[in-house]
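Here is the structure we will look at, set down as structure tokens.
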Amino acid sequence: MSPDSTVADRALLETARKGDEAAYAKLVGPHRTELHAHCYRMLGSVQDAEDALQDALLRAWKALPTFEGRSSLRSWLYRIATNTSLDAIGRRPKRILPIDYGPPADPHDGGVGEPLVESVWIEPYPDETLGIEEGYASPDARYEQRESVELAFIAALQLLPANQRAVLILREVLGFSAQETADTLDTSVASVNSALQRARATIEKRLPEQSQQETLRALGDERLRELVEQYADAWERNDVDTVVSMLAEDASFTMPPMSRWFHGRAGIRGFLEGYSMIPDWRWRNLPVKANGQAALAFYSWDQEQGARVPFAVNVLTFEGEEIKQVDAFIVRGSQDPDPEVQARTPEQPADYEKLAAAYARFNLPAQLD
């Protein structure tokens with residue numbers, strides 16, 4: 001292992017090399033959280049990240065006898081996790097948000113539309129899973145850890161070619177040197193620098209001038225809490241006027257897995273009045289943190305359960321004191337095989353096990369009485 005590794009770490013490594021799975025679990029345990037976040041940045045999906053991490057750790061276990069310790073264990077694990085994620089990217093379509101799928105919809109023409117397969121969309125990332133770790137990224141990293149999981153950044157990353165995505169994350173999020181990045185990707189420093197330059201140009205065109213972390217710091221915790229509580233209360237009272245008054249003039253409202261999305265105060269108002277903010281839903285919500293941003297976990301009334309069950313995690317993006325974007329990630333999986341009725345009406349029966357699992361990631365209850 002690297003010179004800065006401890007005697008205990010080296011002893012643990014030798015024990016793991018002999019086939020001791022408990023020693024291996026202890027060896028890689030401190031790195032699991034950051035590796036999971038890395039896979040999420042690469043793949044845009046919590047489930048895909050979990051699968052990629054498990055695959056990467058299995059690969060590392062099998063390759064452990066070949067690890068010579070020329071680099072740190074952490075760097076070696078990142079190399080395996082990065083290449084595992086690149087393999088996953090090659091096997092499936094990229095994940096996006098609805099605003100990158102098509103133009104905004106007319107709220108008076110066709111309702112919310114049909115849901116597309118879940119593998120198309122970016123998924124929200126629980127802040128509890130991120131587990132901010134101090135001191136891992138080098139001073140050369142451009143993005144802080146919470147900025148590096150903001151929805152705008154994750155969405156922009158998914159539009160990059162896979163190699164550029166990996167280079168940007170390794171260099172600008174993790175602070176790897178050009179040489180370390182080249183070693184990770186089995187390429188040259190010149191190729192890394194070229195890919196980074198192209199990736200930066202694409203990302204900078206996509207990202208807002210101010211990150212959400214900068215916006216939230218400017219608002220302050222107390223003001224942010226007031227705004228989120230005002231928004232949450234308005235939803236529970238079906239107060240469309242208050243919700244619309246809190247939106248930026250050019251706000252967007254998306255609802256993955258629905259492909260349709262709505263733009264501007266008038267467009268969003270039409271959707272809220274005609275479909276979403278009606279008494280049938282009997283909304284309740286709980287505050288939560290997702291992607292380093294303010295969010296609300298919505299529950300809707302379910303007659304079969306006699307309780308409110310999970311419906312959607314709404315991630316809020318602020319611009320000053322106005323809400324610039326709402327991404328409502330619907331988790332209400334229907335039991336009906338017809339895609340045209342899935343997740344569309346309050347009466348539709350739900351897959352309760354799926355709902356509970358989705359909200360468990362955020363440490364949220366499966367029901368609200």
Side-chain angles (χ1 to χ4, degrees), residues 28 31-58 77-78 81-82 84-89 91-98 100 115-133 143 145-159 162 165-166 169 173-174 212 254-258 286-298 310-317 326-333 343 351 353-366:
V28 302
H31 305 288
R32 290 184 67 101
T33 296
E34 57 170 331
L35 289 170
H36 187 275
H38 176 59
C39 293
Y40 173 72
R41 295 182 192 104
M42 289 287 294
L43 300 168
S45 159
V46 177
Q47 185 58 58
D48 287 354
E50 291 170 356
D51 293 343
L53 178 58
Q54 292 304 315
D55 189 7
L57 293 179
L58 180 59
L77 290 172
Y78 264 109
T82 300
T84 301
S85 296
L86 288 171
D87 290 344
I89 291 170
R91 294 192 299 266
R92 61 156 179 76
K94 64 184 177 184
R95 288 182 179 261
I96 57 175
L97 290 173
D100 293 313
L116 299 183
V117 293
E118 293 178 355
S119 61
V120 170
W121 307 115
I122 290 170
E123 295 175 351
Y125 196 76
D127 277 19
E128 292 83 357
T129 305
L130 181 60
I132 297 297
E133 300 283 350
Y143 300 98
Q145 289 195 56
R146 284 193 176 90
E147 283 182 334
S148 71
V149 293
E150 288 178 3
L151 278 180
F153 185 68
I154 295 298
L157 284 175
Q158 306 313 304
L159 299 179
R165 194 185 313 175
I169 294 170
V173 175
L174 299 172
Q212 270 303 280
T254 80
M255 298 158 292
M258 303 304 179
L286 295 175
V288 70
K289 291 288 187 179
N291 294 85
Q293 301 179 217
L296 290 164
F298 276 71
F311 189 90
V313 175
N314 287 24
V315 182
L316 309 180
T317 299
V326 179
D327 292 289
F329 295 93
I330 296 174
V331 298
R332 187 181 174 85
D351 183 338
E353 184 176 342
K354 178 181 179 181
L355 301 186
Y359 270 33
R361 291 174 177 164
F362 292 88
N363 294 323
L364 292 168

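Atoms OH and CZ, from Tyr125 and Arg146 in turn, are 12.5 Å apart once rounded to the nearest 0.5 Å. For the atom pair CG (Leu364) and CD (Glu128), the distance works out to 8.0 Å, reported to the nearest 0.5 Å. In this structure, the separation between CD1 on Ile89 and CG on Asp48 is 9.5 Å, given to the nearest 0.5 Å. Between Leu86 atom CG and Arg91 atom CZ the span is 11.0 Å, to the nearest 0.5 Å. For the atom pair Leu286 CG and Asn363 CG, the distance stands at 12.0 Å (nearest 0.5 Å). Atom CD of Gln54 is separated from atom OG1 of Thr84 by 11.5 Å, given to the nearest 0.5 angstrom.
For Phe329 against Ile122, the heavy-atom pair with the smallest separation is CE2-O, 3.1 Å. Nearest heavy atom pair, residue Ile154 against residue Arg41, reads CD1-CA, 3.9 Å. Here the closest heavy-atom approach between residue Phe362 and residue Ala290 is recorded as CE2-CB, 3.8 Å. Annotation for Ala295 and Val315: closest pair CB-CA, 4.0 Å, computed over non-hydrogen atoms. Between Pro124 and Asn291, the closest heavy-atom pair is CA-OD1, 3.4 Å. A pairwise comparison of heavy atoms in Leu296 and Pro287 identifies CD2-CA, 3.8 Å as the closest pair.
Shown are Leu151, Val326, Asp327; of these, the side-chain contact (heavy atoms from CB on, under 4.5 Å) with Leu316 is made only by Val326. Of the listed residues (His31, His38, Glu34), just one forms a side chain to side chain donor-acceptor pair (under 3.5 Å) with Tyr78, and that residue is Glu34.
Side-chain N or O atoms of Asp127 include one that pairs as donor or acceptor with a backbone N or O of Gly292 at under 3.5 Å. Using a distance-only test at 3.5 Å, with no hydrogens or angles considered, no donor-acceptor pair links the side chain of Tyr40 to the main chain of Leu35.
Side-chain contact between Trp121 and Leu97 is absent, with no heavy atoms from C-beta onward closer than 4.5 Å. Side-chain contact between Met258 and Ile330 is present, with at least one heavy-atom pair separated by less than 4.5 Å. At least one side-chain heavy atom of Val46 sits under 4.5 Å from a side-chain heavy atom of Pro126. Contact of the Glu147 side chain with the Val173 side chain is not registered, since no non-hydrogen atoms from C-beta on lie closer than 4.5 Å.
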Practice prompt. Let me see the working for Arg361 and Thr129 under side-chain contact (heavy atoms from CB on, under 4.5 Å), right down to the final yes or no.
Written response: CA-CA 8 Å; Arg361 291 174 177 164; Thr129 305; 5.5 Å; no

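Take Phe153 and apply the ring-ring contact (aromatic ring centres under 6.0 Å, His included) test, not counting sequence neighbours, and it matches Tyr143.
A donor and an acceptor atom, one from each side chain of Gln293 and Thr317, are located under 3.5 Å apart. Defined by atom type and a distance below 3.5 Å, a donor-acceptor pair is present between the side-chain atoms of Gln158 and Arg165.
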